[in-house]
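Have a look at the structure below before the remarks.
Because only heavy atoms are used, hydrogens play no part in the values below, and waters and symmetry mates are left out as well, while side chains stay in. A note on names: the letters A, B, ... follow the listed sequences, proteins ahead of strands, and every chain is numbered from 1.
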Amino acid sequence: MTGAMDAYSRIVCQWCGNQSANPAQCGFCGAPLDVKNMVTESGWREAPRLRDMTQIQFDQSTCQVEGEVVPVVEIALAPGNEVYFEHHVMLWKQDAVPVRLMPTQGPKRSFFNLPHLITAATGPGRIAFSRDASGEIVVLPLHPGMELDVREHAFLLASSRITYSYVRIKGLANILHGGNGMWLDRFVTTDAPGLLVLHGYGNVFERTLAAGESIQVEPGAMLFKDASVTLETEKIKLSSGLLGGTSMYLAKLTGPGRIGIQSMYHHHAGGE
Amino acid sequence: MSYVCPFCSTASAGDATSCPGCGAPVDITRKPSASGWIELPRAADMARIQCGRSSLQIEGTLVPVADFTLAEGDSVYFAHHELLWKESRVHLERMGLRGAWKRMLAGLPVHMLTATGPGRIAFSRDAPGELLAIPLQHGAAVEVREHVFMLATSSVTYDYFSPPIWYRTREGDETETHFPLGYLMDRFTATGGPGMLMVHAHGNAFVRNLAPGESVLIKAAALLYKDVSVGMNLHFEYAQRKGFVSWLTSAWNLQRYLWLRLTGPGRVAMQSAYGHHHDPERAVIDSTPATERYW
């Protein structure tokens, strides 16, 4: 087959936007391409449920998603390739895979219940990860020049081409009632693409907000957002009754950009 | 109207992929177990349910979401912790409930919220399981175990009562009252016309119709809902003991099994995942009417 014919037969993945020649699954995020694109009437796209044993290529390494209830991500690291992760999500690894610690301004993080240190594993060898809750693996291939914010404790692993940092959620209302904690993990790609893998509790949905478009979300449900999406906590006043004046807090996300939510979350009971 | 849903009895043309009343797929075979329980078919991903002028869509399969499109003036009520997301234009209002103190003691929300359309609003519960839409014809009522209810349309009236299911044990001077079914039970009645009730089942859900006088024993925490006509009482069952084990255990009523007996006529539904009720297995000194059996 010629290169030109290859280009015609490629399919655009509705989830990550990459083009794949394989009609069965996206080569970048593993999403099945031969199933219906699930978009709700209200505009949310359901994250593609990855098939058991789906394989994804990144750098010279491969990533395989195994299981469906509490899925496992198994990485076959090529020599010199590296992934980093929070140490408690590591499920098993081969003896020969070396691990090292990455500096993260630790004391400040541990004060806010984030892992003090991030661990990195370097190939060659195999290493596997899982979070101890039922849910979905969300594979997000990041193109060069992208910035993505992820709620704390949702990130499973990232390839070393992605720069990791974290940003403080500003505003007292966000801190006291936001339910997202005080920090968001920020993943940035500069000149090379990378692979970011998250664990979403329950089912995961995403949508793209237009500039100025906003939506109110239960704070515990926010999973990820483009850095261009603003997050603020909004107080919803409930109409007065005998105990009038009660209120609840929701996270208001305003576009432009992509946002992701999860259907299982720990309800944040702040502010009532 | 050539198709009648075997799960909720809603009549429809049957030309859609799912029942417009409860979202059950129309193209599957009914799956009764050998013992008579019918497995409620999981609503297909993106199943659409019509609810008067409003509609909802069930999204996801692991921890499903109920995504409502509320028509102008239509409203639903729910416990506030079920809310997942909403459009700004959906108006929320607090709905007061009688007996706040009693509800607080029972660990139930002391108030609920009402969401009024137009607009979109979505709900989910943070546990893997199934969402069950129960269409209620005008005047129909169901009784639902506490902490199972997710939302109901405004034509359905909400009330609660203390179920006659408790027993009392004593050890020394200490007396303790146990409520295997919970302290309170919810009752929903379609008083303002036909309506819809939605409950969340942990794990899988099963339903069966009990004939008059027919009874079945289930774990109390597994009950999801039942028709008002279905009677219930406690049942104590004691395993057979012989020899030394019998001598050792007889004084403390060990190996006691606690059941909820449901007696027809009517429909009952249960869930496959449920919290364990701790029975201290001390001597029962008082209880609501109960049956017992020694093997």
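- With contacts defined as side-chain heavy-atom distances shorter than 4.5 Å, the pair A/Q216/B/V90 does not qualify.
- Without hydrogens or angle criteria, A/S263 side chain to B/V63 main chain gives a donor-acceptor distance under 3.5 Å.
- Interatomic distance, CD1 of A/I236 versus CD of B/E93, reported as 14.0 Å (0.5 Å rounding).
- Considering only heavy-atom pairs separated by less than 4.5 Å from chain B, the leading option among A/V39, A/T40, A/V217 is A/T40.
- Using a 4.5 Å heavy-atom threshold, the side chains of B/D45 and A/E46 count as touching.
- Of the two parts of A/I215, the backbone and the side chain both hold a non-hydrogen atom closer than 4.5 Å to a non-hydrogen atom of chain B.
- The closest side-chain heavy-atom distance from A/F205 to B/V65 is below 4.5 Å.
- Residue contact with chain A, scored on non-hydrogen atoms closer than 4.5 Å, involves the side chain of B/L113 exclusively.
- Here the side chain of A/N203 pairs a donor or acceptor atom with the backbone of B/T61 at under 3.5 angstrom.
- Residue contact with chain A, scored on non-hydrogen atoms closer than 4.5 Å, involves the backbone of B/E87 exclusively.
- Only the side chain of B/R48 comes within less than 4.5 Å of a heavy atom in chain A; its backbone stays farther off.
- For the atom pair B/H80 NE2 and A/E218 CD, the distance stands at 9.0 Å (nearest 0.5 Å).
- Side-chain atoms of B/E59 and A/M38, non-hydrogen and from C-beta on, never get closer than 4.5 Å to each other.
- For B/A127, the part sitting under 4.5 Å from any heavy atom of chain A is the backbone (N, CA, C, O) and nothing else.
- By the neighbour-count criterion of 12 heavy atoms within 6.0 Å, atom CZ of B/F179 is densely surrounded, having more than that number from other residues, nucleotides or ligands.
- Chain A forms the most heavy-atom pairs under 4.5 Å with one residue out of B/M46, B/R125, B/M95, and that residue is B/M46.
- Proximity of B/F68 to A/S42: side-chain heavy atoms (C-beta onward) are nowhere separated by under 4.5 Å.
- In this structure, the separation between CG on A/L253 and CH2 on B/W85 is 12.5 Å, given to the nearest 0.5 Å.
- Here the side chains of B/S55 and A/E41 are in contact, with some heavy-atom distance below 4.5 Å.
- Counting only heavy atoms from C-beta outward, the side chains of B/L62 and A/E68 never approach each other to under 4.5 Å.
- In this structure, CG on A/L250 lies 9.5 Å from OG on B/S88, to the nearest 0.5 angstrom.
- Side chains of B/L84 and A/Y265 form a contact here, defined as non-hydrogen atoms less than 4.5 Å apart.
- Here CH2 of A/W44 is found 9.5 Å from CG of B/D67. Values are rounded to the nearest 0.5 Å.
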